[in-house]
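In what follows, a single structure is set out as structure tokens and then discussed.
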Amino acid sequence: MTTPAIASRLPLVGTTIFTQMSALAAQHQAVNLGQGFPDFNCDPRLVGQVSEAMRAGHNQYPFMTGVPALREAIAAKIETLYGRRYDSAQEITVTAGATQALITAILCSVHPGDEVIVIEPAYDSYAPAIALAGGVVVPVAMQVGEQGYSVPWERVAAAIKPRTRMIVINTPHNPTGSILRQADLDALAAIVDGTGILVLSDEVYEHMVFDGQPHASVARHPVLAERAFVVSSFGKTYHVTGWKVGYVAAPAPLMAEFRKVHQYNVFTVNTPMQHGIAAYMRDPAPYLDLPGFYQRKRDLFREGLAGSRFTLLPADGTYFQCVRYEAISDLPEAEFATWLTAEAKVAAIPVSAFYSQPTESGIVRFCFAKKDETLQLALERLARL
Ligand SMILES: *Cc1c(COP(=O)(O)O)cnc(C)c1O
């Protein structure tokens, strides 16, 4: 008996760097600042509200588009924060995490041979999703200098071709911790205005923007919002990455196509989580307090590294801190991250892992969504280098 071989739909995909580094971290008993998730628990009130929903019998299929109370809470939140009113019946869909929202937005709009511009370094799920749709990834590299990472919009403009169907953006940005500002969105709007190009905006870190800066949501930008899928995730906002509940907002004609695919790749997202989150969202404090919560951790981590031989890049958003290590080592990023895990016993992620083509910048990413004592232990070890 032999198992028939299948020609891979994703021949270039292997084990992700996150899995590799986490395994290495466990092997060396290193502090894991690699993979991006909290090592602390969520608010017990949220757990209580989900448990309450289960006890109240909310345990069968909900509406395909999501529990109405949750869609309404999302629409109200977006309107309050970003000034655009999405119709909760037709323009908001609850998804199985942001990942499913992203792949579904791509599958519903990208046809074989269509080109999708991806700004790199980029979150790892975009390229495989585009490949499954038969699309072609057109990477545009961010530039990195003294002021940190920024998007060279003239290069994005130069990458536009007749087959360009979509541009994927991510702000605040994983892995760099940079944010897009109003001027960036205006530059993007000038590129896409009057074209048929869609925008897929990954805003899962919308509530992690620091130093009093606003989050420049695509939902707020009239030119962009008209052609955009805006994606967010409760996993990131409420410290529950394992729950996999997110959402997408888009104008009704785009959402109609989104839902055709959504209906057959997940159909519905788990019911009690949706009811629990809807109840929890009545209080805006948990997400309004999030910038302060993570800014304190960012500052603790940056102050701890200030005396070390790492050079800190700006960290305007997300829970990631990128650092240069040229004063410590001239190893390529992946080898340095491996060495750091084994020798210093702190795991990081090489930024080179977020590019489709070999790119070395001498930069690694640390995640500071960790308990203070976890950060302190990592800082003690990093300071010795
Ligand atoms: C974590 C993350 C996601 C995925 O979010 P889920 O809700 O866990 O699916 C998407 N984009 C970026 C940039 C992320 O960091």
Side-chain angles (χ1 to χ4, degrees), residues 16-19 21-22 32-39 42 46 66 70 74 92-107 116 118-130 137 142 149 151 166-180 199-209 215-218 228-249 258 262 265-266 269-270 273-274 276-277 281 287 290 294 315-322 348-349 351 353-356 365-370:
T16 73
I17 185 74
F18 309 100
T19 310
M21 292 309 304
S22 287
N32 192 352
L33 303 190
Q35 212 164 356
F37 58 81
D39 71 344
C42 65
L46 177 55
L70 181 56
I74 293 165
I92 305 278
T93 301
V94 179
T95 58
T99 308
Q100 185 245 315
L102 293 164
I103 191 168
T104 303
I106 289 166
L107 288 175
V116 180
V118 174
I119 293 154
E120 292 186 340
Y123 185 65
D124 65 340
S125 82
Y126 308 151
I130 295 162
V137 175
M142 292 172 97
Y149 284 90
V151 178
M166 178 182 265
I167 301 178
V168 184
I169 62 170
N170 170 214
T171 184
H173 186 257
N174 177 8
T176 68
S178 64
I179 58 173
L180 298 181
V199 171
L200 175 54
S201 187
D202 180 347
E203 303 185 13
V204 301
Y205 298 103
E206 62 180 316
H207 300 297
M208 298 173 212
V209 182
H215 166 56
S217 177
V218 158
F229 294 99
V230 178
V231 171
S232 193
S233 168
F234 293 108
K236 298 289 158 72
T237 299
Y238 290 150
H239 316 305
V240 288
T241 58
W243 288 9
K244 298 299 290 187
V245 185
Y247 59 90
V248 58
F258 181 98
H262 178 81
N265 76 351
V266 273
V269 175
N270 87 60
M273 274 15 184
Q274 292 194 58
I277 292 170
M281 279 182 83
Y287 58 82
L290 208 60
Y294 275 119
D316 289 306
T318 74
Y319 44 49
F320 300 114
Q321 173 67 57
C322 283
I349 299 289
V351 172
F354 298 83
Y355 288 88
S356 55
R365 185 197 82 176
F366 291 116
C367 173
F368 56 77
K370 306 293 168 186

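Nothing here was measured: the structure is a model prediction, and the numbers come from that model. Each ligand, and each atom within it, is numbered from 1 in the order the structure gives.
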Under a 4.0 angstrom heavy-atom cut-off, which atoms of ligand 1 come close to G97?
7 (O), 9 (O)
Consider only side-chain N and O atoms of E206 and S217, and report whether a donor and an acceptor are under 3.5 Å apart.
no
Can an N or O of V204 be found at a distance shorter than 3.5 Å from an N or O of ligand 1?
no
Measuring centre to centre across the rings, with the benzene-like ring taken for any Trp, is F18 within less than 6.0 Å of F354?
yes
Just say parallel, tilted or perpendicular for the rings of Y247 and F234, cut-offs at 30° and 60°.
tilted
among protein heavy atoms, the one nearest atom 14 (C) of ligand 1 is K236 NZ, 3.0 Å
Selected option - heavy-atom contact closest to atom 12 (C) of ligand 1, from L102, D202, N170, T171:
D202
Tell me which protein heavy atom sits closest to atom 8 (O) of ligand 1, plus the residue, atom name and distance to 0.1 Å.
K244 NZ, 3.0 Å
Could you pull out, from G242, S233, G246, the option with a heavy atom nearest to atom 7 (O) of ligand 1?
S233
Establish, yes or no, whether the cationic atom of K370 lies under 6.0 Å from the six-membered ring centre of F37 and within 45° of the ring axis.
yes
Classify the angle between the aromatic ring planes of F320 and Y205 as parallel (below 30°), tilted (30 to 60°) or perpendicular (above 60°).
perpendicular
heavy-atom search around atom 10 (C) of ligand 1 in the protein gives Y123 CE2, 3.3 Å
Which atom of M208 lies closest to which atom of P172, heavy atoms considered:
O-CG, 3.7 Å
When distances are taken from atom 15 (O) of ligand 1, the protein heavy atom at minimum range is Y205 OH, 2.6 Å
Distance alone, cut at 3.5 Å: any donor-acceptor contact between the side chains of T16 and D124?
no
If you measure from each non-hydrogen atom of N174 to ligand 1, which part falls under 4.0 Å: side chain, backbone, both or neither?
side chain
Just need the protein heavy atom nearest to atom 5 (O) of ligand 1, so name the residue and atom and give the distance.
A98 CB, 3.4 Å
